[in-house]
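Some notes on the structure that comes next.
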Amino acid sequence: MTTRQVSDSRVVGAPAQVIFGMLVDPAQHPLIDGSGTVVAARSTGPRRLELGSRFGMDMRIGLPYKILNTVVEYEEGALIAWRHFYGHRWRWQLRDLGDGRTEVTETFDWSTARIGFLLELVRFPGKNLNAIRATLDRLVQRYPVPG
């Protein structure tokens, strides 16, 4: 059986609550997005996400489009994941290291996708892994680890 998720981790120089604060505020997602596809949060959505929140994003892959996401996993300060109508998820896990640093793991999980085979066919997992790495690098640039 093949794994239907890709992920990567980085240690960043900020407490977990600071990073979590960015993740639960859709307006801040374009600030760290390494894919180049996240343009802006839709103005009609919630300002702070929680389990069950639905939020729209303005996106662009060549042409502009809009996407509606739903928060499907949530643990205050430690975990948030959202999916859209195709069912695949973007998951963020935070592990506070206790000294102002946090291990951040981002995962693209298509095990729950309705069209997982199509995502694999167009090589989305590999593209998303590259985007995850770029996003985590941007997060480290924003919050460098001291030393």
Side-chain angles (χ1 to χ4, degrees), residues 1-96 102-145:
M1 179 176 189
T2 60
T3 301
R4 295 187 168 248
Q5 62 182 25
V6 292
S7 66
D8 204 354
S9 301
R10 300 281 187 286
V11 173
V12 300
Q17 277 307 127
V18 170
I19 305 303
F20 197 74
M22 288 188 73
L23 297 173
V24 297
D25 179 0
Q28 293 194 49
H29 293 183
L31 301 176
I32 59 169
D33 169 52
S35 72
T37 63
V38 179
V39 176
R42 308 292 311 278
S43 61
T44 57
R47 296 290 176 245
R48 189 175 201 291
L49 302 175
E50 58 189 30
L51 188 62
S53 291
R54 293 169 58 102
F55 66 103
M57 299 298 289
D58 292 330
M59 307 289 290
R60 182 177 195 92
I61 299 178
L63 298 172
Y65 66 99
K66 299 174 186 326
I67 198 78
L68 181 64
N69 298 293
T70 303
V71 176
V72 293
E73 298 175 36
Y74 186 93
E75 182 183 328
E76 180 66 35
L79 169 71
I80 188 166
W82 52 81
R83 64 153 178 82
H84 63 69
F85 63 94
Y86 285 124
H88 44 287
R89 298 174 183 217
W90 287 264
R91 180 179 299 111
W92 291 82
Q93 295 167 282
L94 308 178
R95 186 168 64 94
D96 196 322
T102 303
E103 181 182 60
V104 180
T105 301
E106 183 183 3
T107 302
F108 173 67
D109 180 352
W110 69 100
S111 66
T112 56
R114 294 186 181 116
I115 55 165
F117 70 95
L118 185 57
L119 293 173
E120 292 169 1
L121 185 66
V122 297
R123 298 188 174 138
F124 251 56
K127 293 174 186 175
N128 281 339
L129 179 57
N130 290 336
I132 285 169
R133 290 175 174 155
T135 296
L136 293 170
D137 288 345
R138 287 182 76 163
L139 195 56
V140 169
Q141 288 171 355
R142 187 174 181 93
Y143 300 107
V145 177

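The structure presented is a predicted model; accordingly, all values stated were derived computationally and were not measured.
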Check: Y74 and V24 side chains under 4.5 Å, non-hydrogen atoms | yes

Taking every non-hydrogen atom, the tightest pair across G21 and Q28 = O-NE2, 4.2 Å

d(S35 OG, R133 CZ) to nearest 0.5 Å is 15.0 Å

Any side-chain heavy-atom pair from R89 and H84 closer than 4.5 angstrom?
-> no

Would you indicate whether the side-chain heavy atoms of M57 and V39 approach each other to under 4.5 Å?
-> no

Check the pair L129, F108 against side-chain contact (heavy atoms from CB on, under 4.5 Å), reporting the backbone distance first and the verdict last.
-> CA-CA 7 Å; L129 179 57; F108 173 67; over 6 Å; no

Greater than 12 external heavy atoms within 6.0 Å of Y65's OH = yes

Closest non-hydrogen atoms of R47 and P26, given as atom of the first, atom of the second and distance, are O-CD, 3.9 Å

Does the pair R142 and L31 meet the rule for a side-chain contact (heavy atoms from CB on, under 4.5 Å), with working shown?
-> CA-CA 9 Å; R142 187 174 181 93; L31 301 176; 3.9 Å; yes

Donor-acceptor pair between D109 and T107 side chains, under 3.5 angstrom = no

Between I32 and T135, what is the shortest heavy-atom contact and its length?
-> O-CG2, 3.2 Å

Roughly how far apart are L79 CG and W92 CH2, rounded to 0.5 Å?
-> 12.5 Å

Going through the checks in order, is the side-chain contact (heavy atoms from CB on, under 4.5 Å) test met by T102 and V11?
-> CA-CA 5 Å; T102 303; V11 173; over 6 Å; no

Hey, would you say the H29 and W82 ring centroids sit under 6.0 Å apart?
-> yes

E106/R10 salt bridge by N-O under 4.0 Å criterion = no

Taking D25 for the side chain and R48 for the main chain, is one N or O donor matched with an acceptor at less than 3.5 Å?
-> no

Can you tell me how far the CG atom of L23 sits from the CG atom of L49, to the nearest 0.5 Å?
-> 9.0 Å

Give, for atom OG of S53 and atom CG of N69, the distance between the pair rounded to the nearest 0.5 Å.
-> 11.0 Å

Are any side-chain N or O atoms of N130 and backbone N or O atoms of A134, one a donor and one an acceptor, separated by less than 3.5 Å?
-> no

Look up atom CZ in F20 and atom CD in E75, then write down how far apart they are to the nearest 0.5 Å.
-> 8.5 Å

Heavy-atom distance under 4.5 Å between the side chains of I132 and W90, does that happen here?
-> no

Given side-chain contact (heavy atoms from CB on, under 4.5 Å), test M59 with K66 step by step and report yes or no.
-> CA-CA 6 Å; M59 307 289 290; K66 299 174 186 326; over 6 Å; no

Answer yes when R42 and D58 have at least one side-chain N-carboxylate O distance shorter than 4.0 Å, and no when they do not.
-> yes

Under 4.5 Å between any side-chain heavy atoms of E73 and L51, yes or no?
-> no

Identify the heavy atoms of V104 and L136 that sit nearest to each other, and give their distance.
-> CG1-CD2, 3.8 Å

In terms of heavy-atom contacts, P30 and R138 come closest through O-NH2, 4.2 Å

Locate the shortest heavy-atom distance separating A16 from G77; write the atom from each residue and the value.
-> CB-O, 3.8 Å

Among V12, I19, V18, whose side chain to side chain contact (heavy atoms under 4.5 Å, CB included) with P15 holds?
-> V18

State the CD1-NZ distance between I61 and K127, to the nearest 0.5 angstrom.
-> 8.5 Å

